[in-house]
Protein chains: 2
Amino acid sequence: MSSALPCHPAEKPKRETCSICADCCVRHLAVCAALDGDELDALEAIMSSKQLGANEMLVEEGQEKTRVYSLTSGMLRLYTSLPDGRRQISGFLFPGGYLGLADDEVHSQTVEAVVPSVLCSFSDREMNALMERYPQLKERLYEMTKFALRQAHDNQMILGRLAPVEKLASFLLLLANRPQAETTSNPVHLAMNRTDIADYLGLTIETVSRSFTKLKTQGLIRLIDANTVEITSYRSLAAVAGLDITHLMSTANA
Amino acid sequence: MSSALPCHPAEKPKRETCSICADCCVRHLAVCAALDGDELDALEAIMSSKQLGANEMLVEEGQEKTRVYSLTSGMLRLYTSLPDGRRQISGFLFPGGYLGLADDEVHSQTVEAVVPSVLCSFSDREMNALMERYPQLKERLYEMTKFALRQAHDNQMILGRLAPVEKLASFLLLLANRPQAETTSNPVHLAMNRTDIADYLGLTIETVSRSFTKLKTQGLIRLIDANTVEITSYRSLAAVAGLDITHLMSTANA
DNA sequence: CGCGAGGTTGAAACAGTTCAACACTTGTGG
DNA sequence: CCACAAGTGTTGAACTGTTTCAACCTCGCG
(Lines give C-alpha, C1' and ligand atoms only; values in the text may rest on other atoms or scores of the structure.)
Protein backbone atom coordinates (compact mmCIF):
# COMPACT_ATOMS: atom_id res chain seq x y z
CA MET A 1 0.00 0.00 0.00
CA SER A 2 2.37 2.66 1.20
CA SER A 3 5.41 3.41 -0.91
CA ALA A 4 7.54 2.56 2.08
CA LEU A 5 11.11 1.48 2.42
CA PRO A 6 11.85 -1.81 0.72
CA CYS A 7 12.62 -3.87 3.79
CA HIS A 8 9.95 -5.02 6.14
CA PRO A 9 10.66 -8.19 8.04
CA ALA A 10 7.36 -9.58 6.81
CA GLU A 11 8.82 -9.90 3.37
CA LYS A 12 11.61 -12.08 4.63
CA PRO A 13 11.43 -15.68 5.73
CA LYS A 14 9.83 -15.56 9.17
CA ARG A 15 12.60 -16.69 11.46
CA GLU A 16 15.99 -17.70 10.22
CA THR A 17 18.81 -19.12 12.22
CA CYS A 18 20.07 -15.66 12.85
CA SER A 19 18.90 -12.20 13.76
CA ILE A 20 16.19 -10.62 11.68
CA CYS A 21 16.02 -7.72 14.12
CA ALA A 22 19.51 -6.66 13.15
CA ASP A 23 18.28 -5.99 9.63
CA CYS A 24 15.07 -4.27 10.68
CA CYS A 25 14.84 -0.88 9.04
CA VAL A 26 12.85 0.72 11.81
CA ARG A 27 15.02 -0.59 14.60
CA HIS A 28 16.67 2.75 15.26
CA LEU A 29 13.20 4.20 15.90
CA ALA A 30 11.77 1.39 17.98
CA VAL A 31 12.31 0.01 21.49
CA CYS A 32 14.91 -2.33 20.13
CA ALA A 33 17.29 0.55 19.45
CA ALA A 34 18.30 0.11 23.08
CA LEU A 35 19.63 -3.40 22.44
CA ASP A 36 22.51 -4.95 20.58
CA GLY A 37 24.07 -8.28 19.83
CA ASP A 38 23.12 -10.91 22.42
CA GLU A 39 20.51 -8.63 23.92
CA LEU A 40 18.83 -8.37 20.56
CA ASP A 41 18.86 -12.15 20.27
CA ALA A 42 17.16 -12.37 23.65
CA LEU A 43 14.47 -10.02 22.46
CA GLU A 44 14.07 -11.94 19.26
CA ALA A 45 13.69 -15.14 21.23
CA ILE A 46 10.50 -13.93 22.86
CA MET A 47 9.21 -12.19 19.76
CA SER A 48 6.58 -13.34 17.36
CA SER A 49 5.23 -11.60 14.28
CA LYS A 50 1.69 -10.43 13.78
CA GLN A 51 -0.06 -9.09 10.72
CA LEU A 52 -3.21 -7.05 10.57
CA GLY A 53 -5.53 -6.25 7.69
CA ALA A 54 -6.93 -2.76 7.18
CA ASN A 55 -9.35 -1.79 9.96
CA GLU A 56 -8.64 -4.98 11.83
CA MET A 57 -8.78 -4.59 15.60
CA LEU A 58 -5.72 -5.51 17.65
CA VAL A 59 -6.81 -4.73 21.19
CA GLU A 60 -9.97 -3.37 22.69
CA GLU A 61 -10.41 -0.85 25.48
CA GLY A 62 -10.77 -2.64 28.81
CA GLN A 63 -9.07 -5.77 27.60
CA GLU A 64 -6.37 -7.26 29.79
CA LYS A 65 -2.88 -6.36 28.65
CA THR A 66 -1.22 -9.69 28.01
CA ARG A 67 0.87 -8.70 25.03
CA VAL A 68 2.73 -5.61 23.91
CA TYR A 69 3.69 -4.68 20.36
CA SER A 70 6.17 -2.77 18.29
CA LEU A 71 4.94 -1.56 14.93
CA THR A 72 7.15 -2.56 12.00
CA SER A 73 5.16 -1.28 9.07
CA GLY A 74 1.73 0.16 8.46
CA MET A 75 -0.20 2.43 10.77
CA LEU A 76 -2.48 2.09 13.78
CA ARG A 77 -5.11 4.30 15.36
CA LEU A 78 -5.59 4.46 19.14
CA TYR A 79 -8.92 5.65 20.43
CA THR A 80 -11.48 5.64 23.19
CA SER A 81 -15.23 5.70 22.72
CA LEU A 82 -18.19 7.03 24.64
CA PRO A 83 -21.30 4.93 25.26
CA ASP A 84 -23.17 6.94 22.61
CA GLY A 85 -20.54 6.19 19.98
CA ARG A 86 -18.57 9.41 19.98
CA ARG A 87 -14.93 8.61 19.38
CA GLN A 88 -11.69 10.38 20.21
CA ILE A 89 -8.56 9.22 18.47
CA SER A 90 -5.69 10.04 20.79
CA GLY A 91 -3.07 9.37 18.18
CA PHE A 92 -1.77 7.36 15.29
CA LEU A 93 1.08 4.92 15.70
CA PHE A 94 3.77 4.82 13.03
CA PRO A 95 6.49 2.27 12.30
CA GLY A 96 8.87 2.15 15.24
CA GLY A 97 6.07 3.03 17.64
CA TYR A 98 5.38 0.94 20.73
CA LEU A 99 1.97 -0.22 21.85
CA GLY A 100 1.24 -0.39 25.56
CA LEU A 101 3.17 2.58 26.92
CA ALA A 102 0.33 4.06 28.96
CA ASP A 103 -1.26 0.91 30.28
CA ASP A 104 -0.56 -1.19 33.33
CA GLU A 105 -2.82 -4.21 33.58
CA VAL A 106 -5.57 -3.21 31.20
CA HIS A 107 -5.62 -1.50 27.83
CA SER A 108 -7.17 1.95 28.16
CA GLN A 109 -7.67 2.33 24.42
CA THR A 110 -8.85 0.42 21.42
CA VAL A 111 -6.24 -0.15 18.72
CA GLU A 112 -6.97 -0.84 15.06
CA ALA A 113 -4.91 -0.98 11.92
CA VAL A 114 -5.52 1.92 9.54
CA VAL A 115 -3.77 0.09 6.72
CA PRO A 116 -2.37 -3.45 6.56
CA SER A 117 0.30 -3.58 9.25
CA VAL A 118 3.05 -5.79 10.59
CA LEU A 119 3.97 -5.89 14.25
CA CYS A 120 6.43 -7.55 16.55
CA SER A 121 4.50 -9.11 19.39
CA PHE A 122 5.74 -9.90 22.89
CA SER A 123 4.25 -11.39 25.99
CA ASP A 124 3.91 -8.55 28.47
CA ARG A 125 5.33 -10.76 31.19
CA GLU A 126 8.35 -11.78 29.17
CA MET A 127 8.96 -8.22 28.10
CA ASN A 128 8.89 -7.12 31.74
CA ALA A 129 11.39 -9.83 32.58
CA LEU A 130 13.65 -8.63 29.79
CA MET A 131 13.35 -5.08 31.07
CA GLU A 132 14.64 -6.22 34.43
CA ARG A 133 17.52 -7.96 32.75
CA TYR A 134 18.41 -5.06 30.46
CA PRO A 135 17.82 -1.76 32.24
CA GLN A 136 18.49 0.16 29.04
CA LEU A 137 15.38 -1.46 27.60
CA LYS A 138 13.27 -0.08 30.41
CA GLU A 139 15.03 3.23 30.05
CA ARG A 140 14.13 3.29 26.38
CA LEU A 141 10.47 2.60 27.10
CA TYR A 142 10.51 5.28 29.75
CA GLU A 143 11.85 7.79 27.23
CA MET A 144 9.23 6.78 24.71
CA THR A 145 6.53 7.23 27.35
CA LYS A 146 7.79 10.71 28.17
CA PHE A 147 7.73 11.56 24.50
CA ALA A 148 4.17 10.27 24.22
CA LEU A 149 3.21 12.48 27.14
CA ARG A 150 4.67 15.56 25.45
CA GLN A 151 2.79 14.66 22.31
CA ALA A 152 -0.40 14.34 24.32
CA HIS A 153 0.13 17.82 25.75
CA ASP A 154 0.54 19.28 22.27
CA ASN A 155 -2.62 17.47 21.36
CA GLN A 156 -4.50 19.08 24.18
CA MET A 157 -3.57 22.50 22.83
CA ILE A 158 -4.71 21.49 19.36
CA LEU A 159 -8.01 20.13 20.63
CA GLY A 160 -8.78 22.85 23.11
CA ARG A 161 -7.58 26.07 21.61
CA LEU A 162 -7.13 25.84 17.85
CA ALA A 163 -9.72 26.69 15.20
CA PRO A 164 -10.54 23.99 12.62
CA VAL A 165 -8.17 25.29 9.93
CA GLU A 166 -5.42 25.64 12.50
CA LYS A 167 -6.06 22.10 13.68
CA LEU A 168 -5.79 20.71 10.20
CA ALA A 169 -2.65 22.71 9.46
CA SER A 170 -1.04 21.34 12.65
CA PHE A 171 -2.06 17.86 11.71
CA LEU A 172 -0.53 18.09 8.26
CA LEU A 173 2.70 19.49 9.65
CA LEU A 174 2.78 16.69 12.19
CA LEU A 175 2.51 14.11 9.43
CA ALA A 176 5.08 15.86 7.29
CA ASN A 177 7.59 15.99 10.13
CA ARG A 178 7.06 12.66 11.74
CA PRO A 179 10.33 10.98 12.60
CA GLN A 180 9.93 7.90 10.45
CA ALA A 181 10.61 9.71 7.20
CA GLU A 182 13.79 11.26 8.64
CA THR A 183 13.46 14.25 6.35
CA THR A 184 10.34 16.35 5.89
CA SER A 185 8.16 14.39 3.53
CA ASN A 186 6.27 16.23 0.86
CA PRO A 187 3.79 15.44 -0.56
CA VAL A 188 2.21 13.92 2.53
CA HIS A 189 0.25 10.71 2.17
CA LEU A 190 -2.89 10.50 4.30
CA ALA A 191 -3.38 6.84 5.06
CA MET A 192 -6.38 7.58 7.29
CA ASN A 193 -9.75 8.74 6.03
CA ARG A 194 -11.65 11.94 6.85
CA THR A 195 -13.55 10.29 9.70
CA ASP A 196 -10.27 9.41 11.40
CA ILE A 197 -8.94 12.92 10.94
CA ALA A 198 -12.18 14.35 12.32
CA ASP A 199 -12.09 12.07 15.36
CA TYR A 200 -8.47 12.98 15.95
CA LEU A 201 -9.00 16.74 15.72
CA GLY A 202 -12.37 16.87 17.48
CA LEU A 203 -14.31 17.97 14.40
CA THR A 204 -16.91 16.62 11.99
CA ILE A 205 -15.89 15.21 8.62
CA GLU A 206 -17.62 18.11 6.89
CA THR A 207 -15.58 20.66 8.79
CA VAL A 208 -12.41 18.73 8.00
CA SER A 209 -13.33 18.76 4.33
CA ARG A 210 -14.10 22.49 4.39
CA SER A 211 -10.81 23.15 6.17
CA PHE A 212 -8.96 21.32 3.41
CA THR A 213 -10.73 23.51 0.90
CA LYS A 214 -9.77 26.66 2.82
CA LEU A 215 -6.09 25.72 2.95
CA LYS A 216 -6.28 24.90 -0.73
CA THR A 217 -7.96 28.21 -1.59
CA GLN A 218 -5.35 30.09 0.44
CA GLY A 219 -2.71 28.39 -1.64
CA LEU A 220 -0.98 26.66 1.27
CA ILE A 221 -1.61 23.13 0.09
CA ARG A 222 -2.55 21.28 -3.06
CA LEU A 223 -4.68 18.15 -3.03
CA ILE A 224 -3.09 15.84 -5.58
CA ASP A 225 -5.87 13.47 -4.68
CA ALA A 226 -8.07 13.18 -1.60
CA ASN A 227 -5.31 11.36 0.26
CA THR A 228 -2.21 13.09 -1.02
CA VAL A 229 -1.40 16.60 0.12
CA GLU A 230 1.37 18.70 -1.26
CA ILE A 231 2.46 21.43 1.10
CA THR A 232 2.91 24.43 -1.16
CA SER A 233 3.98 26.90 1.47
CA TYR A 234 5.50 25.30 4.50
CA ARG A 235 6.08 28.55 6.35
CA SER A 236 2.58 29.87 5.83
CA LEU A 237 1.13 26.57 6.91
CA ALA A 238 3.20 26.69 10.08
CA ALA A 239 2.02 30.25 10.65
CA VAL A 240 -1.61 29.15 10.32
CA ALA A 241 -0.99 26.28 12.71
CA GLY A 242 0.27 28.77 15.27
CA LEU A 243 1.67 25.89 17.20
CA ASP A 244 5.40 25.54 17.42
CA ILE A 245 6.03 21.94 16.54
CA THR A 246 9.73 22.20 15.86
CA HIS A 247 10.62 20.18 18.93
CA LEU A 248 8.66 17.29 17.52
CA MET A 249 10.98 17.06 14.56
CA SER A 250 14.26 16.48 16.32
CA THR A 251 13.40 15.16 19.79
CA ALA A 252 11.43 12.37 18.14
CA ASN A 253 13.07 9.49 19.91
CA ALA A 254 15.59 10.55 22.46
CA MET B 1 -5.99 28.88 52.62
CA SER B 2 -7.32 25.38 52.11
CA SER B 3 -8.73 23.56 55.08
CA ALA B 4 -6.17 20.84 54.50
CA LEU B 5 -4.72 18.21 56.72
CA PRO B 6 -2.90 19.64 59.72
CA CYS B 7 0.60 18.57 58.79
CA HIS B 8 2.54 20.25 56.09
CA PRO B 9 6.30 20.23 56.44
CA ALA B 10 6.28 23.99 56.01
CA GLU B 11 4.75 24.36 59.41
CA LYS B 12 7.61 22.52 61.00
CA PRO B 13 11.12 23.77 61.57
CA LYS B 14 12.84 23.58 58.19
CA ARG B 15 15.38 20.85 58.61
CA GLU B 16 15.88 19.04 61.86
CA THR B 17 18.51 16.52 62.67
CA CYS B 18 16.23 13.76 61.58
CA SER B 19 13.79 12.82 58.87
CA ILE B 20 10.98 15.19 58.06
CA CYS B 21 10.02 13.10 55.06
CA ALA B 22 9.02 10.25 57.33
CA ASP B 23 6.30 12.44 58.81
CA CYS B 24 5.16 13.88 55.49
CA CYS B 25 1.44 13.36 55.10
CA VAL B 26 1.49 13.15 51.31
CA ARG B 27 4.41 10.77 51.17
CA HIS B 28 2.26 7.79 50.25
CA LEU B 29 1.06 9.74 47.20
CA ALA B 30 4.37 11.18 46.08
CA VAL B 31 7.56 9.82 44.52
CA CYS B 32 8.97 9.25 47.93
CA ALA B 33 6.52 6.42 48.57
CA ALA B 34 9.08 4.26 46.79
CA LEU B 35 11.70 4.88 49.46
CA ASP B 36 12.20 3.96 53.08
CA GLY B 37 14.65 4.35 55.91
CA ASP B 38 18.15 5.14 54.63
CA GLU B 39 16.90 5.69 51.13
CA LEU B 40 14.56 8.35 52.41
CA ASP B 41 17.46 9.99 54.20
CA ALA B 42 19.40 10.06 50.95
CA LEU B 43 16.50 11.77 49.25
CA GLU B 44 16.17 14.23 52.09
CA ALA B 45 19.88 15.01 51.82
CA ILE B 46 19.47 16.42 48.33
CA MET B 47 16.11 18.05 49.04
CA SER B 48 15.37 21.67 49.70
CA SER B 49 12.05 23.35 50.37
CA LYS B 50 10.40 25.94 48.20
CA GLN B 51 7.35 28.10 48.79
CA LEU B 52 5.25 29.87 46.22
CA GLY B 53 2.69 32.63 46.57
CA ALA B 54 -0.59 32.54 44.66
CA ASN B 55 -0.05 32.96 40.91
CA GLU B 56 3.71 32.90 41.34
CA MET B 57 5.55 31.27 38.46
CA LEU B 58 7.81 28.31 39.16
CA VAL B 59 9.11 27.40 35.72
CA GLU B 60 8.50 28.78 32.28
CA GLU B 61 8.03 26.94 29.01
CA GLY B 62 11.34 26.55 27.20
CA GLN B 63 13.39 26.97 30.35
CA GLU B 64 16.15 24.47 30.99
CA LYS B 65 15.15 21.75 33.41
CA THR B 66 17.68 22.03 36.22
CA ARG B 67 15.38 21.16 39.09
CA VAL B 68 12.44 18.87 39.66
CA TYR B 69 9.75 19.20 42.30
CA SER B 70 7.30 17.28 44.39
CA LEU B 71 4.24 19.20 45.54
CA THR B 72 3.61 19.04 49.27
CA SER B 73 0.67 21.35 49.67
CA GLY B 74 -1.24 23.79 47.52
CA MET B 75 -1.95 23.46 43.84
CA LEU B 76 -0.20 24.19 40.56
CA ARG B 77 -1.38 24.77 37.00
CA LEU B 78 0.61 23.52 34.02
CA TYR B 79 0.02 25.17 30.69
CA THR B 80 1.34 26.10 27.29
CA SER B 81 0.59 29.31 25.43
CA LEU B 82 0.29 30.36 21.82
CA PRO B 83 2.00 33.47 20.48
CA ASP B 84 -1.36 35.28 20.44
CA GLY B 85 -1.98 34.55 24.11
CA ARG B 86 -4.36 31.62 23.89
CA ARG B 87 -3.65 29.26 26.73
CA GLN B 88 -4.25 25.56 27.27
CA ILE B 89 -3.96 24.24 30.78
CA SER B 90 -2.97 20.60 30.44
CA GLY B 91 -3.62 19.85 34.07
CA PHE B 92 -3.52 20.82 37.70
CA LEU B 93 -0.99 19.35 40.07
CA PHE B 94 -2.15 18.32 43.52
CA PRO B 95 -0.19 17.47 46.66
CA GLY B 96 1.87 14.35 46.04
CA GLY B 97 2.22 15.26 42.36
CA TYR B 98 5.60 15.37 40.66
CA LEU B 99 6.80 18.14 38.41
CA GLY B 100 9.00 17.26 35.46
CA LEU B 101 7.59 13.92 34.35
CA ALA B 102 7.25 14.75 30.68
CA ASP B 103 10.38 16.77 30.17
CA ASP B 104 13.91 15.80 29.30
CA GLU B 105 16.25 18.76 29.08
CA VAL B 106 13.77 21.57 28.74
CA HIS B 107 10.43 22.32 30.37
CA SER B 108 7.66 22.02 27.82
CA GLN B 109 5.15 23.85 29.99
CA THR B 110 4.84 26.84 32.24
CA VAL B 111 4.02 26.10 35.86
CA GLU B 112 2.41 28.49 38.30
CA ALA B 113 0.94 28.19 41.76
CA VAL B 114 -2.84 28.49 41.86
CA VAL B 115 -2.79 29.00 45.61
CA PRO B 116 0.14 29.38 48.01
CA SER B 117 2.09 26.16 47.70
CA VAL B 118 4.95 24.27 49.26
CA LEU B 119 7.26 22.03 47.27
CA CYS B 120 10.20 19.76 47.76
CA SER B 121 12.87 20.77 45.30
CA PHE B 122 15.68 18.63 43.90
CA SER B 123 18.51 19.13 41.48
CA ASP B 124 17.59 17.21 38.35
CA ARG B 125 21.10 15.82 38.18
CA GLU B 126 21.11 14.62 41.77
CA MET B 127 17.66 13.13 41.36
CA ASN B 128 18.86 11.20 38.31
CA ALA B 129 21.83 9.95 40.29
CA LEU B 130 19.50 8.80 43.04
CA MET B 131 17.34 7.04 40.48
CA GLU B 132 20.35 5.06 39.34
CA ARG B 133 21.09 4.12 42.91
CA TYR B 134 17.52 3.18 43.81
CA PRO B 135 15.80 1.57 40.84
CA GLN B 136 12.47 1.57 42.66
CA LEU B 137 12.62 5.36 42.58
CA LYS B 138 12.89 5.34 38.82
CA GLU B 139 10.18 2.71 38.70
CA ARG B 140 7.93 4.96 40.74
CA LEU B 141 8.49 7.91 38.41
CA TYR B 142 7.84 5.68 35.46
CA GLU B 143 4.51 4.61 36.93
CA MET B 144 3.59 8.21 37.61
CA THR B 145 4.44 9.09 34.02
CA LYS B 146 2.23 6.31 32.72
CA PHE B 147 -0.58 7.56 34.91
CA ALA B 148 -0.10 11.08 33.61
CA LEU B 149 -0.32 9.73 30.07
CA ARG B 150 -3.62 8.01 30.80
CA GLN B 151 -4.91 11.21 32.32
CA ALA B 152 -3.84 13.08 29.19
CA HIS B 153 -5.78 10.63 27.04
CA ASP B 154 -8.92 11.16 29.10
CA ASN B 155 -8.33 14.84 28.68
CA GLN B 156 -8.22 14.53 24.94
CA MET B 157 -11.67 12.94 24.99
CA ILE B 158 -12.96 15.74 27.20
CA LEU B 159 -11.51 18.44 24.97
CA GLY B 160 -12.37 16.90 21.64
CA ARG B 161 -15.72 15.24 22.06
CA LEU B 162 -17.63 16.55 25.06
CA ALA B 163 -20.13 19.42 25.08
CA PRO B 164 -19.52 22.25 27.58
CA VAL B 165 -21.86 20.92 30.28
CA GLU B 166 -20.35 17.48 29.90
CA LYS B 167 -16.88 18.95 30.17
CA LEU B 168 -17.71 20.75 33.37
CA ALA B 169 -19.40 17.69 34.85
CA SER B 170 -16.29 15.62 34.09
CA PHE B 171 -14.11 18.26 35.64
CA LEU B 172 -16.11 18.37 38.85
CA LEU B 173 -16.07 14.59 39.13
CA LEU B 174 -12.35 14.62 38.57
CA LEU B 175 -11.86 17.04 41.43
CA ALA B 176 -14.25 15.13 43.68
CA ASN B 177 -12.45 11.84 43.08
CA ARG B 178 -8.88 12.94 43.02
CA PRO B 179 -6.66 10.62 45.00
CA GLN B 180 -5.45 13.11 47.56
CA ALA B 181 -8.69 13.20 49.47
CA GLU B 182 -8.76 9.39 49.67
CA THR B 183 -12.54 9.41 49.85
CA THR B 184 -14.83 11.25 47.48
CA SER B 185 -14.85 14.81 48.72
CA ASN B 186 -18.09 16.70 48.73
CA PRO B 187 -18.55 19.62 48.64
CA VAL B 188 -15.72 20.25 46.20
CA HIS B 189 -13.56 23.30 46.68
CA LEU B 190 -12.51 25.04 43.46
CA ALA B 191 -9.17 26.62 44.19
CA MET B 192 -8.81 27.81 40.58
CA ASN B 193 -10.85 30.60 39.05
CA ARG B 194 -13.18 30.48 36.03
CA THR B 195 -10.43 31.51 33.63
CA ASP B 196 -8.36 28.50 34.69
CA ILE B 197 -11.33 26.18 34.30
CA ALA B 198 -12.05 27.63 30.87
CA ASP B 199 -8.46 27.24 29.75
CA TYR B 200 -8.44 23.69 31.01
CA LEU B 201 -11.68 22.68 29.30
CA GLY B 202 -11.16 24.62 26.07
CA LEU B 203 -14.04 27.04 26.66
CA THR B 204 -14.60 30.71 27.45
CA ILE B 205 -15.29 31.85 30.98
CA GLU B 206 -18.86 32.80 30.00
CA THR B 207 -19.58 29.28 28.77
CA VAL B 208 -18.12 27.84 31.95
CA SER B 209 -20.36 30.10 33.99
CA ARG B 210 -23.42 29.17 31.95
CA SER B 211 -22.57 25.50 32.32
CA PHE B 212 -22.45 25.90 36.09
CA THR B 213 -25.88 27.48 35.90
CA LYS B 214 -27.23 24.62 33.78
CA LEU B 215 -25.96 21.96 36.18
CA LYS B 216 -27.43 24.00 39.02
CA THR B 217 -30.80 24.34 37.26
CA GLN B 218 -30.86 20.62 36.55
CA GLY B 219 -30.39 20.04 40.23
CA LEU B 220 -27.10 18.14 39.91
CA ILE B 221 -24.99 20.59 41.86
CA ARG B 222 -25.43 23.41 44.31
CA LEU B 223 -23.13 26.40 44.38
CA ILE B 224 -22.54 27.14 48.04
CA ASP B 225 -20.41 30.00 46.82
CA ALA B 226 -18.65 30.59 43.52
CA ASN B 227 -15.80 28.34 44.57
CA THR B 228 -17.59 25.65 46.52
CA VAL B 229 -19.69 23.09 44.70
CA GLU B 230 -21.87 20.55 46.38
CA ILE B 231 -22.60 17.56 44.18
CA THR B 232 -26.27 16.92 44.79
CA SER B 233 -26.65 13.93 42.52
CA TYR B 234 -23.43 12.10 41.92
CA ARG B 235 -24.96 9.53 39.58
CA SER B 236 -26.72 12.05 37.40
CA LEU B 237 -23.57 14.12 37.18
CA ALA B 238 -21.62 11.07 36.10
CA ALA B 239 -24.31 10.35 33.52
CA VAL B 240 -24.01 13.86 32.13
CA ALA B 241 -20.24 13.54 32.01
CA GLY B 242 -20.65 10.44 29.88
CA LEU B 243 -17.05 9.65 30.57
CA ASP B 244 -16.25 6.66 32.69
CA ILE B 245 -13.74 7.99 35.16
CA THR B 246 -13.97 5.19 37.67
CA HIS B 247 -10.49 3.97 36.84
CA LEU B 248 -9.13 7.31 37.96
CA MET B 249 -10.43 6.76 41.45
CA SER B 250 -8.62 3.60 42.34
CA THR B 251 -5.64 3.36 40.00
CA ALA B 252 -4.54 6.77 41.22
CA ASN B 253 -0.99 5.87 42.12
CA ALA B 254 -0.06 2.32 41.35
C1' DC C 1 -23.63 -0.19 -15.98
C1' DG C 2 -25.00 0.53 -11.46
C1' DC C 3 -24.07 0.27 -6.78
C1' DG C 4 -21.68 1.72 -2.53
C1' DA C 5 -18.12 4.01 -0.03
C1' DG C 6 -15.78 8.11 0.71
C1' DG C 7 -15.46 12.96 -0.03
C1' DT C 8 -17.21 17.62 -1.14
C1' DT C 9 -20.49 21.28 -1.16
C1' DG C 10 -24.77 23.94 0.04
C1' DA C 11 -28.40 25.76 3.23
C1' DA C 12 -30.49 25.99 7.58
C1' DA C 13 -30.22 25.31 12.48
C1' DC C 14 -28.00 25.71 16.57
C1' DA C 15 -24.59 26.51 19.92
C1' DG C 16 -20.62 28.71 21.70
C1' DT C 17 -18.38 33.13 21.38
C1' DT C 18 -18.24 37.94 21.65
C1' DC C 19 -19.42 42.23 23.53
C1' DA C 20 -21.66 44.61 27.00
C1' DA C 21 -23.94 45.36 31.25
C1' DC C 22 -24.63 44.16 35.88
C1' DA C 23 -23.90 41.95 40.60
C1' DC C 24 -21.02 40.85 44.24
C1' DT C 25 -16.93 40.90 47.06
C1' DT C 26 -12.74 42.85 48.68
C1' DG C 27 -9.53 46.27 49.70
C1' DT C 28 -8.22 51.25 49.73
C1' DG C 29 -8.53 55.76 51.16
C1' DG C 30 -10.99 59.70 52.51
C1' DC D 1 -17.56 54.08 58.69
C1' DC D 2 -18.74 54.86 54.16
C1' DA D 3 -17.49 55.62 49.24
C1' DC D 4 -15.22 53.99 45.50
C1' DA D 5 -12.37 51.19 42.55
C1' DA D 6 -10.81 46.76 41.05
C1' DG D 7 -11.33 42.02 40.46
C1' DT D 8 -14.28 38.11 39.65
C1' DG D 9 -18.39 35.95 38.30
C1' DT D 10 -23.04 35.98 36.13
C1' DT D 11 -26.39 37.15 32.71
C1' DG D 12 -28.33 39.03 28.31
C1' DA D 13 -28.34 39.80 23.21
C1' DA D 14 -26.27 39.68 18.86
C1' DC D 15 -23.15 37.46 16.03
C1' DT D 16 -20.26 34.06 13.98
C1' DG D 17 -18.99 29.67 12.81
C1' DT D 18 -19.50 24.83 13.37
C1' DT D 19 -22.78 21.32 13.08
C1' DT D 20 -26.55 19.12 11.00
C1' DC D 21 -29.03 17.43 7.20
C1' DA D 22 -29.22 16.75 2.49
C1' DA D 23 -27.71 16.52 -2.12
C1' DC D 24 -24.20 15.66 -5.27
C1' DC D 25 -19.84 14.05 -7.05
C1' DT D 26 -16.07 10.77 -7.88
C1' DC D 27 -13.90 6.53 -7.92
C1' DG D 28 -13.45 1.62 -7.65
C1' DC D 29 -15.60 -2.71 -8.18
C1' DG D 30 -18.90 -6.35 -8.80
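Convention: sequence-line order gives letters A, B, ...; per-chain numbering from 1.
For A:Phe171, the ring-ring contact (aromatic ring centres under 6.0 Å, His included) partners are A:Tyr200, not counting sequence neighbours. Under the rule for a salt bridge (charged side-chain N to carboxylate O under 4.0 Å, His left out), the partners of A:Glu230 that lie at least two apart in sequence or sit in another chain are A:Arg222.
Using a 3.5 Å distance cut-off with no hydrogens or angles, the side chains of A:Ser90 and A:Gln109 do pair a donor with an acceptor. No side-chain N or O of B:Arg87 forms a donor-acceptor pair with one of B:Ser81 less than 3.5 Å apart.
Per the geometry, CD1 belonging to B:Ile205 stands 10 Å off P belonging to D:dT8, to the nearest Å.
Within the structure, the side-chain hydrogen bond (donor to acceptor under 3.5 Å, both in side chains) test picks out no pair touching residues 210-219 of chain B (sequence neighbours left out).
Comparing A:Leu223 and A:Arg161 by the nucleotide of DNA chain C that holds the closest heavy atom to each, the one mapping nearer the 5' end is A:Leu223.
With respect to B:Arg86 and A:Glu166, a salt bridge is recorded, a charged nitrogen being found less than 4.0 Å from a carboxylate O.
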| field | Under 4.0 Å protein heavy-atom contact, by nucleotide of nucleotides 23-30 of chain D - B base, S sugar-phosphate only | value | --------
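For the segment residues 207-222 of chain B, residues with any heavy atom less than 4.0 angstrom from an atom of DNA chain D are, sorted by number, B:Ser209, B:Arg210, B:Thr213. Of all the residues in residues 193-201 of chain B, B:Asn193, B:Arg194 reach under 4.0 Å from DNA chain D with at least one non-hydrogen atom.
With rounding to the nearest 0.5 Å, the separation of OG in A:Ser117 from OH in A:Tyr69 is 13.0 Å.
Put simply, B:Thr204 has a side-chain N or O that comes within less than 4.0 Å of OP1 or OP2 on C:dT17.
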